[in-house]
Protein chains: 2
Amino acid sequence: MFKEYLGEFEELVLLIIAKHEDQSYGLLICDEIHEETGRRATIGAVHATVVRLEKKGLIETDMGGATNERGGRRKRLIRITDAGKQSLLKSRDMKVNLWQKIPDLMISKT
Amino acid sequence: MFKEYLGEFEELVLLIIAKHEDQSYGLLICDEIHEETGRRATIGAVHATVVRLEKKGLIETDMGGATNERGGRRKRLIRITDAGKQSLLKSRDMKVNLWQKIPDLMISKT
DNA sequence: TGTATTTAATCTATAAAACAGAACATATAT
DNA sequence: ATATATGTTCTGTTTTATAGATTAAATACA
């Protein structure tokens, strides 16, 4: 079976998908990762992760219709599932809980 | 080279280490992961991660002296470095930022 | 019509992180 | 001495993460 917890990149991709409600797709996720975090992910990395998230039931996808824009291939539209939301919340809550137990020295005095 | 970002498990282990200031060690981390999250990690997984974190300069370790407890081998004591603290803060800030942009529908209505 | 351009997914291969548990080491108690 | 407790280190495997080349499908326009 697959892992019970979201990997680091899986969580990032899923957060971006959650942000876009149900109009997310591969290349957009790629761009958004860069805009939101400054980090460059390749389309290959994003796609592999999307496949994995779908297998785990954390997202659902289907091919969009023809665009009214310039041109190009149909998008694979992505939306987060309830299980995906739960997974994000669980991950967040776990870390919030741990941060509360870390002493203040974390805010390093120079 | 290694990855620029903390992996999911790396972050968890580093949070536990931060919590313990400078009295952390392998088996304790193992136990704490279970107590804090309910999740069972093996000592092998923890140790491999400690080695990785040290290579990355996010923690420092050295062997402790003889214990005054029951018995047993010396502990490898672990403490987080400034780079480690920065890494945790960066990871947290990135996610806090993303969460702020996720619509309320995340809190699912039944 | 047909060919260039744009947009985007899919495929192939590799590296890094996560995981499991056996083996080994080093204390103390008796 | 040797049993027991505590803890690290080692070996091997699976899952995630990464990169970028290739393929596909739509529109524009000559």
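By convention in this document, chain letters (A, B, ...) are assigned in the order of the sequence lines, proteins followed by strands, and residues within each chain are numbered from 1. These numbers come from a predicted model, not from an experiment. Computed from heavy atoms alone, side chains included, the values below leave out hydrogens, waters and symmetry copies.
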Peer 1: Would you kindly compare Leu27(A) and Glu4(A) by the position of their nearest DNA chain C nucleotide and give the one closer to the 5′ end?
Peer 2: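 First, find each residue's nearest nucleotide; the 5'-ward one identifies Leu27(A).
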Peer 1: Between Leu77(A) and Val46(B), name the one whose nearest nucleotide on DNA chain C is closer to the 5' end.
Peer 2: Leu77(A)
Peer 1: Figure out the CD/P separation between Glu11(B) and dT16(D), and round it to whole Å.
Peer 2: 17 Å
Peer 1: Does dT8(D) have OP1 or OP2 sitting under 4.0 Å from an N or O in the side chain of His47(B)?
Peer 2: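 No, His47(B) has no side-chain N/O under 4.0 Å of OP1/OP2 on dT8(D).
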Peer 1: Give a yes/no on whether any side-chain N or O of Arg40(B) is located under 4.0 angstrom from OP1 or OP2 of dC19(C).
Peer 2: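 Arg40(B) to dC19(C) OP1/OP2: no side-chain N or O under 4.0 Å.
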Peer 1: State plainly whether the residues Arg92(A) and Glu11(A) are in salt-bridge range, i.e. N to O under 4.0 Å.
Peer 2: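 No, this pair does not count.
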Peer 1: Is there, by distance only and without an angle test, a donor paired with an acceptor across the side chain of Arg73(B) and the base of dT8(D) below 3.5 Å?
Peer 2: yes
Peer 1: Polar atom pairs between nucleotides 13-15 of chain C and protein, under 3.5 Å, N or O only, would you list them?
Peer 2:
none

Peer 1: Tell me whether the OP1 or OP2 atom of dT9(D) has a side-chain N or O from Arg76(B) closer than 4.0 Å.
Peer 2: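 Yes, Arg76(B) has a side-chain N/O under 4.0 Å of OP1/OP2 on dT9(D).
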Peer 1: Please state how far atom CZ in Phe2(B) lies from atom P in dA17(C), giving the value in whole angstrom units.
Peer 2: 8 Å
Peer 1: Glu10(B) has a side chain; which of dA18(C), dT9(D), dA9(C) sits nearest to it?
Peer 2: dA18(C)
Peer 1: Could you state the atom-to-atom distance from CD1 of Ile33(A) to C1' of dA17(D) in whole Å?
Peer 2: 12 Å
Peer 1: Calculate the interatomic distance between Leu6(A) atom CG and dA18(C) atom P; express it in whole Å.
Peer 2: 13 Å
Peer 1: May I have all residue pairs that pass side chain to side chain donor-acceptor pair (under 3.5 Å) and include part of residues 41-50 of chain A, sequence neighbours excluded?
Peer 2: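 For residues 41-50 of chain A, and leaving out neighbouring residues, there are no side chain to side chain donor-acceptor pair (under 3.5 Å) pairs at all.
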Peer 1: For dT18(D), does either OP1 or OP2 sit under 4.0 Å from a side-chain N or O belonging to Arg39(A)?
Peer 2: yes
Peer 1: Give a yes/no on whether any side-chain N or O of Tyr25(B) is located under 4.0 angstrom from OP1 or OP2 of dT8(D).
Peer 2: no
Peer 1: Could you state the atom-to-atom distance from CD of Glu8(A) to C1' of dT16(D) in whole Å?
Peer 2: 10 Å
Peer 1: Is a salt bridge present between Glu21(A) and Lys85(A), judged by a nitrogen-to-oxygen distance below 4.0 Å?
Peer 2: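 Salt bridge between Glu21(A) and Lys85(A), a charged N being under 4.0 Å from a carboxylate O: no.
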Peer 1: Indicate, with a heavy-atom threshold strictly under 4.0 Å, whether Lys56(B) touches base, sugar-phosphate, or nothing.
Peer 2: sugar-phosphate
Peer 1: Rounded to whole angstrom units, what separation is found between the NZ atom of Lys55(B) and the C1' atom of dA16(C)?
Peer 2: 11 Å
Peer 1: Name the nucleic acid region contacted by Gly44(B), choosing base, sugar-phosphate or nothing; use a 4.0 angstrom heavy-atom cut-off, strictly under.
Peer 2: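 The residue Gly44(B) makes base contact.
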Peer 1: Between His34(A) (NE2) and dT18(D) (C1'), how many Å, whole number?
Peer 2: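 For the pair His34(A) NE2 and dT18(D) C1', the rounded distance is 17 Å.
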Peer 1: Can you run down the salt bridge (charged side-chain N to carboxylate O under 4.0 Å, His left out) pairs that involve residues 47-61 of chain A, sequence neighbours left out, and say none if there aren't any?
Peer 2: Glu10(A)-Arg52(A), Glu10(A)-Lys56(A), Glu60(A)-Arg79(A)
Peer 1: Which of the following nucleotides, dA25(D), dT18(D), dA18(C), is nearest to the side chain of Arg74(A)?
Peer 2: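 Of the options given, the side chain of Arg74(A) lies nearest dA25(D).
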Peer 1: Would you mind telling me which of dG21(C), dA21(D), dT18(D) lies closest to the side-chain atoms of Ile43(A)?
Peer 2: dA21(D)
Peer 1: For Asp31(B) and dT8(D), give me the distance from atom CG to atom P, rounded to whole Å.
Peer 2: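 For the pair Asp31(B) CG and dT8(D) P, the rounded distance is 11 Å.
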Peer 1: Is there a donor-acceptor pair under 3.5 Å between the side chain of Ser24(A) and the backbone N or O of His20(A)?
Peer 2: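 Not at all, since once roles are kept as given, no pair shorter than 3.5 Å links the two residues.
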Peer 1: Could you tell me whether Glu4(A) and Arg39(B) have a side-chain N and a carboxylate O separated by less than 4.0 Å?
Peer 2: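 Between Arg39(B) and Glu4(A) there is no salt bridge, as every charged N stays at least 4.0 Å from the carboxylate O atoms.
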Peer 1: For Lys3(B) and dA16(C), is the shortest distance between a side-chain N/O and OP1 or OP2 below 4.0 Å?
Peer 2: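 Checking dA16(C) against Lys3(B), no side-chain N or O comes under 4.0 Å of OP1 or OP2.
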Peer 1: Pair Ile80(B), Leu58(B) - check side-chain contact (heavy atoms from CB on, under 4.5 Å), show working.
Peer 2: CA-CA 6 Å; Ile80(B) 190 169; Leu58(B) 305 178; 5.9 Å; no
Peer 1: Can you tell if the side chain of Met63(B) reaches within under 4.5 Å of the side chain of Lys75(B), non-hydrogen atoms only?
Peer 2: no
